[in-house]
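Scroll down for the structure; my scribbles are underneath it.
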Amino acid sequence: MAGAIEATGSTTRRLRSGRPQRRDGAARSLGVPYIVRNIPAYDILGEDSLVRIERTAERILAEVGIEFRDDPVALDHWRRAGAKIDGARVTFEPGMLQAIVRSAPAQFTQHARNPARSVEIGGRNVVFSPAYGSPFVMDLDQGRRYGTIEDFRNLIKLAQSSPWLHHSGGTICEPVDLPVNKRHLDMVYSHIKYSDRAFMGSITAEKRAEDSIEMARILFGADFVDRNCVILGNVNVNSPLVWDGTMTKSLRAYARANQAAVVVPFILGGAMGPVTNAGAIAQSYAETLAGCALTQLERKGAPVIFGNFLSSMSLRSGSPTFGTPEPAIGSMVVGQLARRLGLPLRCAGNFSNSKRPDAQAMQEGVMSMLSAVHCGANFILHSAGFVDGLLAMSYEKFVMDADFCGALHSYLAGVVVDDNTLAMDAFLEVGPGNHFLGCDHTMRNYQTAFWDSAVSDNEPFEKWAEQGETDMALRANRQWKKTLAEYEPPPLDVAIDEALTDYVSRRKSEMPDAWY
């Protein structure tokens with residue numbers, strides 16, 4: 001073990017750990033805006049190994065290069081910065097991109113419409129956000145089906161209602177019942193209407209990114225948006241080593257508006273990158289670094305998040321696999337590299353290839369989610385709902401994953417050592433051979449001592465049997481229905497709501513429906 005980033009505790013940080021002040025439901029619903037971690041992020045590689053990965057990435061950038069397709073403005077940026085251009089292929093001198101990204105902030109605030117829900121991204125802060133991008137949804141009642149705008153809104157409501165999630169997310173599922181060229185308007189409006197947390201916008205076309213930002217300007221005010229981050233755009237590299245114009249134009253749209261792009265390669269080992277971890281990490285480092293640098297050429301000082309999505313595959317069938325150990329441990333190295341750059345990190349999440357909210361789903365999810373926690377990720381997309389290799393969002397797994405995020409609040413709080421937690425007064429009161437249940441120390445601390453799951457069963461076997469022998473998936477099914485039935489939308493200023501609906505209506509009227 002090469003070392004670790006040290007973490008210190010404080011009263012404020014412990015309050016942000018997410019432990020409820022009381023054990024009743026009202027206290028739990030308060031939640032926290034984000035976590036300030038009180039355990040270290042772990043450095044698993046020594047200096048020599050990290051330098052070798054960085055130098056390999058530099059060779060990829062200098063000797064192979066990256067193609068920037070269908071975006072002449074991006075090529076102009078690179079030309080002015082001193083990169084070598086050969087058609088769409090760009091090569092970079094060693095150290096060039098690292099120098100460019102130094103202007104990006106190491107930490108920034110993403111403001112929510114409810115200021116109490118704003119999140120800090122970077123440093124020792126951790127933000128949990130729902131899964132993103134699935135065309136299908138599923139639940140125990142209706143099975144797997146295409147997502148609709150109703151599903152999209154339901155999932156926003158579940159995220160808003162969870163005390164353990166901090167962000168509304170983005171494309172929680174694709175509402176395929178709406179035209180492709182217009183659905184982003186309903187999606188962004190739904191995030192604003194049904195949640196008062198920070199959210200993400202569209203990236204599937206430059207104009208859709210600009211629509212998302214313009215709706216944020218209606219919500220927050222144009223001057224505020226120009227000075228502050230209020231919306232994120234999650235852009236993906238077309239690995240290996242290609243940035244296509246759809247993504248770079250959207251990336252630049254967010255950057256020039258001073259909004260944060262989340263720059264993420266998706267490397268399926270053996271297909272879009274090497275099967276070996278070190279090579280895939282070097283590739284992802286090169287691809288992500290180039291995207292992060294492009295944001296700074298568009299607008300120096302714009303916030304950006306260094307993202308990563310390592311994945312493996314079944315070499316027997318060619319099928320993607322998720323929640324496996326190799327990408328999980330690879331995420332630990334990505335965390336070290338991001339910290340060396342001084343950039344906020346998005347990495348890993350609650351991944352699973354299971355087709356149901358079952359033991360496989362939770363086993364794989366825990367493997368990948370713990371890697372996100374230990375690698376030092378600041379923004380953890382895919383924290384809840386991910387099944388079927390991200391092809392589907394599960395209502396039940398959403399509830400189960402959000403519950404697990406609650407456990408991680410306590411896990412990230414670490415171990416507090418002070419007079420109260422050392423409990424010497426309890427030892428003096430109880431003495432040998434007696435129990436601690438009724439002592440003063442227990443009575444002072446019992447409400448906050450342990451995290452309490454909302455969907456686990458801890459009752460005796462007989463009571464569990466009498467109540468129907470339910471498993472966690474069925475309990476989660478009942479829980480999401482109860483949550484939606486009790487959901488109340490956060491208040492939204494009437495004038496802002498009208499301005500948003502007017503904008504959506506006007507933009508929809510300006511173009512015919514398109515389903516591709």
Side-chain angles (χ1 to χ4, degrees), residues 17-18 31-32 34-42 44 119 121 124-134 158-159 162-167 169 172 234 262 264 266 305 307-312 320-335 338 345-354 356-390 392-394 396-414 451 453-456 472-473 476:
S17 71
V32 291
Y34 56 93
I35 301 169
V36 178
R37 61 185 303 131
N38 202 37
I39 65 173
Y42 292 104
I44 66 166
V119 294
I121 298 176
R124 291 175 45 243
N125 307 305
V126 182
V127 175
F128 292 147
S129 180
Y132 179 111
S134 301
L158 291 177
S162 172
W164 309 125
L165 299 175
H166 313 114
H167 202 276
I172 303 187
N234 189 74
V262 189
V264 188
F266 174 26
I305 298 175
N308 186 266
F309 194 127
L310 293 174
S311 185
S312 53
T321 51
F322 297 91
T324 51
E326 295 84 5
I329 200 67
S331 296
M332 307 286 278
V333 180
V334 173
L345 173 64
R346 181 219 138 174
C347 197
N350 202 314
F351 303 156
S352 176
N353 216 34
S354 179
R356 297 178 60 84
D358 58 9
Q360 177 186 339
M362 297 311 290
Q363 173 185 301
E364 293 170 343
V366 168
M367 169 71 77
S368 54
M369 196 65 170
L370 283 179
S371 76
V373 164
H374 287 299
C375 80
N378 305 112
F379 181 70
I380 305 180
L381 196 62
H382 305 310
S383 290
F386 187 127
V387 291
D388 194 15
L390 194 54
M393 278 287 287
S394 162
E396 287 80 21
K397 189 164 184 288
F398 193 101
V399 171
M400 294 157 65
D401 291 345
D403 192 67
F404 180 57
C405 286
L408 291 175
H409 279 67
S410 290
Y411 189 82
L412 283 160
W451 171 76
S453 170
V455 291
S456 292
M472 182 178 278

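Keep in mind that the numbers below use all heavy atoms, side chains included, and drop hydrogens, waters and symmetry copies.
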Exercise. Could you pull out all residues at least two apart from Asn378 that satisfy side-chain contact (heavy atoms from CB on, under 4.5 Å)?
Key: Ile121, Pro344, Leu345
Practice problem: Please report the shortest heavy-atom distance between Gly349 and Ile380, naming the atom on each side. | Solution: CA-CG2, 3.9 Å
Practice problem: Please report the shortest heavy-atom distance between Met472 and Ser456, naming the atom on each side. | Solution: CE-OG, 3.4 Å
Quiz item: What's the spacing between Leu310 CG and Thr324 OG1 if we round to 0.5 Å?
Solution: 9.5 Å
Practice problem: Taking all non-hydrogen atoms of both residues into account, name the closest pair between Arg346 and Asn234 and its distance. | Solution: NH1-OD1, 3.0 Å
Quiz prompt | Near-ring test His374/Tyr42, centroid separation under 6.0 angstrom | solution = yes
Practice problem: Can you see which heavy atom on Pro320 is nearest to which on Asn353, and at what distance? | Solution: O-ND2, 3.1 Å
Quiz prompt | Donor-acceptor side-chain pairing of Ser129 and Ser383 below 3.5 angstrom | solution = no
Quiz item: What closest approach, in Å, do Ile172 and Met393 show between heavy atoms, and which atom pair accounts for it?
Solution: O-CG, 3.0 Å
Quiz item: Does anything in residues 366-382 pair up under salt bridge (Lys or Arg N to Asp or Glu O under 4.0 Å), and if so which pairs, sequence neighbours excluded?
Solution: none
Practice problem: Give me the ring orientation class for Phe322 and Phe309: parallel if the planes are under 30° apart, tilted from 30 to 60°, perpendicular past 60°. | Solution: perpendicular
Exercise. Assert yes or no for the condition that the ring centre distance of His167 to Tyr34 is strictly below 6.0 Å.
Key: no
Quiz item: Under 30°, 30 to 60°, or over 60°: which ring-plane class applies to Trp451 and Trp164, parallel, tilted or perpendicular?
Solution: perpendicular
Practice problem: List in chain and number order the residues that pass side chain to side chain donor-acceptor pair (under 3.5 Å) with Ser352, two or more places apart in sequence or in another chain; answer none if no residue qualifies. | Solution: Glu364
Exercise. Any chance you could measure Asp358, atom CG, to Lys397, atom NZ, to the nearest 0.5 Å?
Key: 9.5 Å
